[in-house]
Amino acid sequence: MSDSAATNTSTAQAAAPTFDQFGLSADILKAVRESGYTTPTPIQAQAIPVVLAGRDVMGAAQTGTGKTASFSLPIIQRLLPNANTSASPARHPVRALMLTPTRELADQVAANVQTYSKHTPLRSTVVFGGVDMNPQSDALRRGVEILIATPGRLLDHVQQKTVNLGQVQMLVLDEADRMLDMGFLPDLQRILNLLPKERQTLLFSATFSPEIKKLAATYLRNPQTIEVARSNSTNANVRQIVYEVHESDKSGAVAQIIRERELKQVIVFCNSKIGASRLARVLEKDGIVATAIHGDRSQSERMQALDAFKRGEIEALVATDVAARGLDIAELPAVINFDLPFNAEDYVHRIGRTGRAGASGDALSLCSANERKQLADIEKLIKRPLDVEPLEVTTRARRDGSSGSAPRRDERFGRPERGEHRHASRDESGSRRRTTGTHDRPRGRQQPVDEFFLKPYEPSPSAMKRQEETVEPERKSAPKQPLAALLGGLGMPRKSS
DNA sequence: AAAAAAC
């Protein structure tokens with residue numbers, strides 16, 4: 001908010017905004033207060049008045065910026081005047097629909113909505129796949145004003161006629177870019193066609209890619225664009241370090257990092273489901289309480305894992321990118337990237353799980369020889385070079401049992417002449433921060449030098465140049481479906497699946 | 001390349 005609405009606050013803080021300035025109902029404000037929030041985040045300060053005014057919104061903001069509240073609070077407010085206390089389901093049609101790409105995210109948004117609306121007569125529920133439909137159907141039949149859903153299961157309910165979307169006045173597309181990436185466009189089109197044309201649509205996306213713009217152009221009406229600085233990538237609260245390790249040293253490296261940094265809780269991201277399961281097992285064997293969360297585990301296992309982690313019963317949550325976006329875990333001190341993500345965008349989301357709400361956090365990434373491309377992509381996206389350090393893994397024996405002596409750092413990383421200036425931490429003279437693997441212990445299990453480590457990384461000058469050119473990261477991975485074709489055919493008869 | 005999501 002740019003205006004100075006708070007004129008008579010006794011507190012002398014000049015422009016400290018409060019939630020009171022939005023004209024939200026006392027019941028909502030009470031819930032907000034009980035949640036412990038006092039000051040709106042930037043996205044909230046910008047979005048709440050716009051949503052209250054009934055305008056469509058094109059929002060660029062990530063979770064962790066208070067995005068959920070930025071649309072939930074004004075939506076609840078707008079539903080309130082017609083809130084019905086009647087017990088009749090017919091009096092509680094779905095009037096607000098919120099779609100998210102993953103089940104966990106849907107669950108989390110629903111929990112937020114539930115919290116913010118608990119002092120109002122409004123009802124809400126959540127539907128997503130992987131769990132029994134019947135309880136969801138029951139809840140829908142009892143009637144809800146606010147429905148949070150993943151697209152597939154929602155359509156399932158539509159087909160079963162357990163829900164009618166004909167009275168939806170407000171629609172939220174959360175993590176819209178992710179939904180497109182995941183091939184949800186046909187489902188989204190199907191859902192959008194069921195909604196009244198006369199409605200308010202809020203689209204939130206990490207990026208405004210051409211696909212997202214096309215989607216917005218098709219389904220939003222004169223949207224107000226709201227952009228909040230990408231908080232996490234440049235978040236000073238998050239210390240980002242990349243460790244160069246041999247691929248086969250990675251499991252040991254994770255265990256070592258957890259031990260040496262005495263991490264109470266950490267999410268470890270892997271690129272594959274198998275890799276996540278495997279790592280969880282290795283860590284368990286190493287005496288670290290760990291569990292895996294990914295799409296091949298049952299929904300109950302996923303929820304159990306997440307709950308146990310939130311309760312602090314698990315030290316290491318080993319996850320695929322199912323957990324990269326949106327999940328809000330309080331006071332997570334660190335995130336480890338076992339693999340660097342193929343999609344640089346996902347790096348930002350992953351490390352966004354730590355250093356939230358003003359707390360500090362560490363983003364520690366393992367980088368092996370064949371991941372330099374990913375590293376370069378990430379640096380390009382976040383527009384700055386990452387601090388790269390060697391990591392000597394001492395905790396686990398190498399499989400080949402070789403006993404060659406460890407190469408000196410010079411040998412391993414090449415002479416710092418050609419383009420090595422970017423890695424201050426590699427400077428021998430510098431007082432490199434003491435990190436894992438540097439304690440004086442006999443070691444001699446380093447693998448022969450990798451080509452990766454011999455060749456200094458070339459900091460692509462274009463990487464730093466292009467930052468001025470566009471805010472938008474280049475999307476590398478094309479969706480499985482011919483998105484352009486689908487988008488080109490918006491409104492056209494779609495293929496059935 | 002891999003991941004996610006309806007049955």
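Chain letters run A, B, ... following the sequence lines, proteins first, then strands; residues in each count from 1.
Distance CD/A/Gln189 to CG/A/Leu215: 8.5 Å, rounded to 0.5 Å. Remark: A/Gln136 CD to A/Gln160 CD distance equals 11.0 Å, nearest 0.5 Å.
Looking at heavy-atom distances under 4.0 Å, A/Gly275 makes no contact with the nucleic acid at all. No engagement by A/Arg178 is indicated, since no non-hydrogen atom pair under 4.0 Å with the nucleic acid exists. Within the 4.0 angstrom heavy-atom criterion, no nucleotide atom of any strand lies near A/Asp321.
Taking atom CG of A/Leu180 as the reference point, atom P of B/dA4 lies 18 Å away to the nearest angstrom. Atom CD1 in A/Ile293 sits about 17 Å away from atom C1' in B/dA2, given to the nearest Å. Rounded to whole Å, atom C1' of B/dA4 lies 13 Å from atom NE2 of A/His349. Taking atom CG on A/Asp346 and atom P on B/dA2, their separation rounds to 14 Å, with Å as the unit. Remark: C1' of B/dA5 and CZ of A/Phe184 are 4 Å apart, rounded to the nearest angstrom. Atom-to-atom, CG of A/Leu188 to C1' of B/dA6 comes out at 14 Å; the value is rounded to the nearest Å. Atom CZ in A/Phe342 sits about 13 Å away from atom P in B/dA4, given to the nearest Å. In this structure, the NE2 atom of A/His157 is 15 Å from the P atom of B/dA5, given to the nearest Å.
For A/Arg103 and B/dA4, the shortest distance from a side-chain N or O to OP1 or OP2 is not below 4.0 Å. Considering only side-chain N and O atoms, A/Arg302 lies nowhere under 4.0 angstrom from the phosphate OP1 or OP2 of B/dA3. The shortest distance between the side-chain N/O atoms of A/Thr150 and the OP1/OP2 oxygens of B/dA4 is not below 4.0 Å. A close approach under 4.0 Å does occur between a side-chain nitrogen or oxygen of A/Lys273 and OP1 or OP2 of B/dA4.
A/Asp346 contributes no side-chain N or O that, together with a main-chain N or O of A/Pro341, makes up a donor-acceptor pair within less than 3.5 Å.
The residues A/Glu175 and A/Lys67 are annotated as salt-bridged, a charged nitrogen and a carboxylate oxygen being separated by less than 4.0 angstrom. Electrostatic pairing of A/Asp387 and A/Arg239 does not count as a salt bridge here, judged by no charged N lying under 4.0 Å from a carboxylate O.
Here the nucleotide nearest the side chain of A/Asp156, chosen from B/dA2, B/dA6, B/dA4, is B/dA6. Considering only the side chain of A/Gln159, B/dA6 comes nearest among B/dA6, B/dA2, B/dA5.
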